[in-house]
There are 2 protein chains.
Amino acid sequence: MEVKLPTFNSVFSIDCVIFGFEAGELKILLIERNEEPYKDWLALPGYIVEQDESIDNAAERILYELTGLRDLHMQQFHTFGEVNRHPQGRVITVAYYALIRINGQKELKPITQYAKSAFWHPVNELPKLAFDHTEIFQTGFNKLRRRLNYQPIAFELLPEKFTLTQLQSLYEAVLNKKLDKRNFRKKMLSYGFLKELDEKQKGVSYRAAKLYKFDRRKYTKIFQNELNLDS
Amino acid sequence: MEVKLPTFNSVFSIDCVIFGFEAGELKILLIERNEEPYKDWLALPGYIVEQDESIDNAAERILYELTGLRDLHMQQFHTFGEVNRHPQGRVITVAYYALIRINGQKELKPITQYAKSAFWHPVNELPKLAFDHTEIFQTGFNKLRRRLNYQPIAFELLPEKFTLTQLQSLYEAVLNKKLDKRNFRKKMLSYGFLKELDEKQKGVSYRAAKLYKFDRRKYTKIFQNELNLDS
DNA sequence: TCAAAAGTGTTACTGATACACCCATGG
DNA sequence: CCATGGGTGTATCAGTAACACTTTTGA
């Protein structure tokens with residue numbers, strides 16, 4: 001049975017590429033669509049921008065409605081405007097990305113009916129996604145990789161207290177290559193924005209590692225100047 | 001007399017930040033508007049995207065129609081989506097930028113009636129621009145500065161044959177700081193993508209400098225790997 | 001006592017910076 | 001012959017890369 005779909009003219013939408021890190025793997029947030037077109041497909045969380053909200057606000061609202069997640073710091077990274085990227089009409093989409101600690105407590109739960117579910121999926125072996133979302137994801141992933149070189153974004157993905165090995169394995173997951181342990185530690189510690197805690201890892205069956213915290217105050221003090229060129 | 005303006009709903013537009021270099025100064029391309037709102041104001045070349053063209057194509061078309069310039073390699077850099085950025089309705093604009101040799105031969109001449117004129121203006125002492133175009137320009141300028149560090153964009157702005165001093169003064173104009181002559185030359189030549197010509201500068205009243213060409217073939221060979229992370 | 005990961009220093013290389021004088025040319 | 005920019009080398013410093021063994025801990 002063929003479903004007849006409405007058509008429409010110019011519409012803006014937002015799509016979100018949200019990265020998380022869990023069990024040594026980099027993941028992104030996907031939803032299962034509950035609406036035509038691409039009903040039942042997996043997709044990036046995304047929806048249409050309202051008349052009276054800025055795109056930045058729209059991005060936060062849409063992510064919340066589709067996944068229950070709030071108050072992340074999202075940043076736009078690219079706008080996709082091919083003519084036929086949406087089967088029902090002309091939709092230009094602004095893609096945003098953000099990083100977040102994956103936290104077992106926080107339930108992922110769509111507020112609207114547009115998504116059946118929301119869940120984390122490893123960035124490797126991604127399935128086919130709806131629309132041009134695979135391309136959007138790839139572009140976002142490249143941006144993330146680039147930005148890792150000049151911004152301490154890794155700390156958004158880790159728990160508040162973390163070991164240097166966890167930090168390193170996150171870098172390795174994003175950059176997709178092995179790093180030298182001694183050089184990595186030397187370099188990270190030399191920046192001076194890691195605070196060593198009086199605490200150690202617990203519940204591991206080997207020598208427990210020291211825990212560290214990211215000291216955002218020190219970071220902004222050290223890198224004040226470079227922040228201007230950020231956007 | 002108050003002019004009554006039509007209102008409209010969602011519209012996409014494109015705005016272009018086009019950089020050129022002339023007489024040791026970095027310049028951008030402005031138009032004088034011939035349409036309400038902001039009639040007679042100076043603005044970035046920009047207009048509305050049609051239903052059936054991709055945003056990349058729209059950018060090329062719009063720039064051509066407003067200035068007569070064609071075939072530049074434009075790249076989007078940011079999308080501006082505040083609710084009230086346009087007085088007549090909701091307009092989200094995708095900003096593009098490009099670099100071009102300023103060439104006395106090539107006349108700047110609007111094809112449509114929307115612009116009265118198009119001309120180069122130094123990036124320093126920019127006047128007030130229509131809409132949020134001052135902000136758009138600033139964001140584009142920051143991007144340019146950033147990109148100069150990892151891409152040979154300077155060569156798009158210079159004549160085909162140029163001296164090392166010209167190249168240096170372009171870098172100085174973009175980065176807005178003085179560079180050391182010896183170090184600059186050493187570094188540029190060490191990359192290996194400058195081809196020394198058998199020719200010298202003419203018509204100067206001091207020792208004539210050697211002319212160089214940018215060797216794009218060598219460049220892409222050397223930096224193949226990094227190009228992937230480009231966008 | 002074993003398995004598993006934590007933790008630790010030195011050397012070599014590469015790239016960036018700082019710095020000042022003589023040279024060639026046209027007027 | 002002078003004013004103007006062209007052209008050149010060296011020493012120091014900072015950051016990166018390569019590389020392997022001992023220590024701690026829980027099971």
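A note on names: the letters A, B, ... follow the listed sequences, proteins ahead of strands, and every chain is numbered from 1. Computed from heavy atoms alone, side chains included, the values below leave out hydrogens, waters and symmetry copies.
- Put simply, CZ on B/Phe162 is 20 Å from P on D/dG5, counting in whole angstrom units.
- In this model, no side-chain donor or acceptor of A/Lys200 finds a partner on the base of D/dT25 within 3.5 Å.
- In this model, the phosphate group of D/dT4 is not approached by any side-chain N or O of B/Ser205 to a distance below 4.0 Å at OP1 or OP2.
- Contact annotation: side chain of A/Lys187 to base of D/dG15, donor-acceptor pair absent below 3.5 Å.
- Between B/Ala208 and A/Ala209, the residue whose closest nucleotide on DNA chain C is further toward the 5' end is A/Ala209.
- Atom-to-atom, NZ of B/Lys202 to C1' of C/dG27 comes out at 19 Å; the value is rounded to the nearest Å.
- A/Tyr206 has its OH atom 22 Å from the P atom of D/dT22, to the nearest Å.
- With distances taken from any side-chain atom of A/Lys186 to the nucleotides C/dT10, C/dA6, D/dG6, the minimum falls on C/dT10.
- When the C1' atom of D/dT16 is taken as reference, atom CG of A/Asn149 falls 13 Å away, rounded to whole Å.
- Nucleic acid contact for A/Ser190: none, since no nucleic acid atom lies under 4.0 Å from a heavy atom of the residue.
- Here the CE atom belonging to B/Met188 is positioned 3.5 Å from the OH atom belonging to B/Tyr171, to the nearest 0.5 angstrom.
- Taking the side chain of A/Arg207 as heavy atoms from C-beta on, and the options D/dG6, D/dT10, D/dT24, the nearest nucleotide is D/dT24.
- A tilted orientation is assigned to the rings of B/Phe131 and B/Tyr38, their planes being inclined by 30° to 60°.
- The pair B/Lys116-B/Asp40 meets the salt-bridge criterion, since a charged nitrogen lies less than 4.0 angstrom from a carboxylate oxygen.
- If you check distances only, the side chain of B/Lys210 never reaches the base of D/dG6 with a donor-acceptor pair under 3.5 Å.
- We find that B/Glu160 and B/Lys213 are joined by a salt bridge, their nearest charged nitrogen and carboxylate oxygen being less than 4.0 Å apart.
- Atom CD in B/Glu199 sits roughly 17 Å away from atom C1' in D/dG6 (whole-Å rounding).
- Checking the phosphate oxygens (OP1, OP2) of D/dG7, a side-chain nitrogen or oxygen of B/Arg185 falls inside 4.0 Å.
- Annotation: side chain of B/Tyr150 is in contact with side chain of A/Arg146 (closest heavy-atom distance under 4.5 Å).
- In this structure, OH of B/Tyr212 is placed 12 Å from P of D/dG6, rounded to the nearest angstrom.
- No salt bridge links A/Arg70 with A/Glu60; every basic N to acidic carboxylate O contact stays at or beyond 4.0 Å.
- The only option from A/Lys186, A/Lys187, A/Arg185, A/Lys181 that meets the side chain to side chain donor-acceptor pair (under 3.5 Å) definition with A/Asn183 turns out to be A/Lys186.
- Ion pair B/Lys161/B/Glu199 flagged as a salt bridge, since at least one NZ, NE, NH1 or NH2 atom sits closer than 4.0 Å to an Asp/Glu carboxylate oxygen.
- Taking atom NZ of B/Lys178 as the reference point, atom P of C/dT17 lies 17 Å away to the nearest angstrom.
- Counting only heavy atoms from C-beta on, B/Asn183 has its side chain closest to C/dA18 among C/dT25, C/dG7, C/dA18.
- Mapping A/Arg182 and A/Tyr191 onto DNA chain D by nearest heavy atom places A/Tyr191 closer to the 5' end of the strand.
- Taking the side chain of B/Lys181 as heavy atoms from C-beta on, and the options D/dT4, D/dT8, C/dC19, the nearest nucleotide is D/dT8.
- Between A/Asp180 atom CG and C/dG7 atom C1' there is a gap of 13 Å when expressed in whole angstrom units.
- Annotation: the terminal axes of the helix from C/dT1-D/dA27 to C/dG27-D/dC1 meet at 0°, where each axis is the rotation carrying the C1' atoms of four end pairs onto the next four (5 pairs per end, rounded to 10°).
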